[in-house]
Amino acid sequence: MGFDVELARISALPNDAFYISDFITEAEEDWLLQKVTSAPLPRWTHLSHRRLQTWPSALTKSNVLLASPLPAWLRAPIIEPRFQKLGIFNDSPHQAPNHVLVNEYRPGQGIMPHEDGAAYYPIVATVSLGAPIVLEFYDKPIGRDTAAKTEETGRTNRPRYRILQERRSLLVTGDKMYTELLHGIAETARDENLAPETICNWDLLRDQEVYRSGWSERGTRTSLTYRDVHHVAKIGNTMKFLR
Ligand SMILES: O=C(O)CCC(=O)C(=O)O
Ligand SMILES: [Fe+2]
């Protein structure tokens with residue numbers, strides 16, 4: 001395999017999580033960003049605090065993916081051969097990711113603490129492009145009225161874990177990190193309080209020196225989040241019912 005995945009384990013976390021700082025080269029990063037930005041405008045969904053592309057297509061209301069291959073630029077070299085060599089999706093239903101959300105965050109933008117839900121096998125592999133950003137994991141609010149509590153407390157609750165994602169890195173989180181915690185990205189123009197004690201993957205960072213001041217100015221950060229959707233429907237089968 002050439003690379004021992006245990007070397008990439010974020011050992012401060014109780015459940016499986018892996019971080020590889022130099023997952024893609026600078027040239028690959030440039031090329032991927034160019035692919036993202038040259039996608040036709042209707043590809044983007046504009047949300048209030050980020051914009052999003054969904055490949056190959058959005059899931060149906062019942063969380064079904066209509067079978068269609070991912071575009072070549074999202075497959076090679078990331079899935080083939082790199083994910084395959086690392087064996088990231090070996091245990092997932094299709095032994096490979098079949099769905100990618102591309103998120104773009106400008107300074108000041110983020111994503112409220114949330115969970116990704118049951119549509120996906122609980123492994124997410126995220127490639128970060130453009131600029132570093134901190135991903136935060138929160139305990140789920142306890143008790144009834146969960147959604148309202150998340151709205152109220154999501155921002156003020158202190159995160160339980162923080163992971164700094166450098167540009168060109170890969171973060172793999174799975175298992176209970178996704179099913180028992182919420183994750184989000186603060187809406188800020190500056191990630192603060194960066195230190196070995198507060199950042200779980202500090203030892204695995206490519207460049208700790210640049211964060212010595214304890215903060216990092218946000219730039220435009222793009223993430224490619226790879227997942228395996230449980231339910232896939234062949235269009236041919238769907239068409240049968242339409243005839
Ligand atoms: O951009 C990220 O790293 C996280 C995105 C996310 O949580 C999501 O799309 O569900
Ligand atoms: Fe998410």
Side-chain angles (χ1 to χ4, degrees), residues 10 13 15-21 23-24 29 32-33 36-37 43-59 63 65 70 74 78 83 88 97-140 146-147 150-151 154-155 159-188 191 199-201 204-205 216 218-230:
I10 306 179
L13 293 173
N15 300 110
D16 283 356
F18 301 92
Y19 179 82
I20 298 176
S21 61
F23 184 67
I24 57 169
E29 179 191 38
L32 284 163
L33 279 173
V36 169
T37 50
R43 267 277 162 200
W44 288 105
T45 304
H46 288 262
L47 304 173
S48 51
H49 299 284
R50 69 195 153 106
R51 59 176 189 161
L52 171 75
Q53 288 177 19
T54 309
W55 294 94
S57 63
L59 305 185
N63 284 336
L65 175 68
L70 287 166
L74 285 171
I78 293 180
F83 285 1
I88 297 170
N98 54 18
H99 203 238
V100 181
L101 297 181
V102 179
N103 292 293
E104 184 194 83
Y105 309 84
R106 295 177 179 243
Q109 298 188 319
I111 184 168
M112 286 286 290
H114 66 281
E115 51 189 327
D116 286 355
Y120 307 104
Y121 180 79
I123 283 212
V124 180
T126 303
V127 178
S128 288
L129 311 172
I133 210 162
V134 174
L135 181 71
E136 297 176 317
F137 287 84
Y138 295 83
D139 287 321
K140 281 191 195 177
T146 308
T150 308
E151 276 290 309
R155 245 178 298 229
R160 181 179 276 272
Y161 305 114
R162 299 169 77 220
I163 296 174
L164 177 52
Q165 292 174 273
E166 295 165 286
R167 57 193 295 178
R168 303 195 285 108
S169 70
L170 172 71
L171 174 68
V172 183
T173 44
D175 186 22
K176 297 194 174 122
M177 292 295 291
Y178 269 87
T179 52
E180 293 190 359
L181 297 170
L182 304 178
H183 59 277
I185 291 173
E187 286 166 13
T188 179
D191 283 307
I199 295 295
C200 293
N201 60 326
L204 296 169
L205 294 178
S216 166
R218 286 271 182 89
T220 297
R221 182 264 189 171
T222 300
S223 62
L224 313 178
T225 62
Y226 285 80
R227 306 125 188 276
D228 188 357
V229 177
H230 285 290

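Atoms within each ligand, like the ligands themselves, are counted from 1 in listed order.
Rounding to 10 degrees, one finds that the Fe ion (ligand 2) sits at the corner of an angle of 90° between H183 NE2 and H114 NE2.
Remark: ligand 1 and T126 share no N or O pair separated by less than 3.5 Å (distance only, no angle test). Checking only distances, R221 does come within under 3.5 Å of ligand 1, N or O to N or O. Checked by distance only, ligand 1 and T225 stay at 3.5 Å or farther apart across all their nitrogen or oxygen atoms.
Looking at M112 against ligand 1, nothing comes within 4.0 Å, counting heavy atoms.
Within the model, atoms OH of Y161 and CD1 of I10 stand 11.5 Å from one another, a figure rounded to the nearest 0.5 Å. E136 contributes atom CD, which lies 12.5 Å from atom CD1 of I111 (distance to the nearest 0.5 angstrom). The distance from the CG atom of L224 to the CH2 atom of W55 is 11.5 Å, given to the nearest 0.5 Å.
Of the possible donor and acceptor atoms, none in the side chain of R51 sits under 3.5 Å from a partner among the backbone N and O of H46. Formation of a donor-acceptor pair under 3.5 Å by the T225 side chain with backbone atoms of L101 is found in this model.
Using 4.0 Å as the threshold, R227 has a heavy atom nearer than that to some atom of ligand 1.
From the protein, the heavy atom lying nearest to atom 4 (C) of ligand 1 is Y105 OH, 3.6 Å. Among all protein heavy atoms, the one lying closest to atom 9 (O) of ligand 1 is N103 ND2, 3.1 Å.
Contact atoms of ligand 1 toward D116: 10 (O) (distance under 4.0 Å to a heavy atom of the residue). Heavy-atom proximity to H183, at under 4.0 Å, picks out these atoms of ligand 1: 7 (O).
The aromatic rings of F137 and H183 are tilted relative to each other, their planes meeting at an angle between 30° and 60°.
With respect to Q165, the side chain to side chain contact (heavy atoms under 4.5 Å, CB included) criterion is satisfied by exactly one of P132, S128, S223: S128.
The neighbour count for R43 CZ, taken as heavy atoms of other residues, nucleotides or ligands under 6.0 Å away, is above 12.
Taking the Fe ion (ligand 2) as reference, the nearest N/O/S atom within D116 carries the name OD1.
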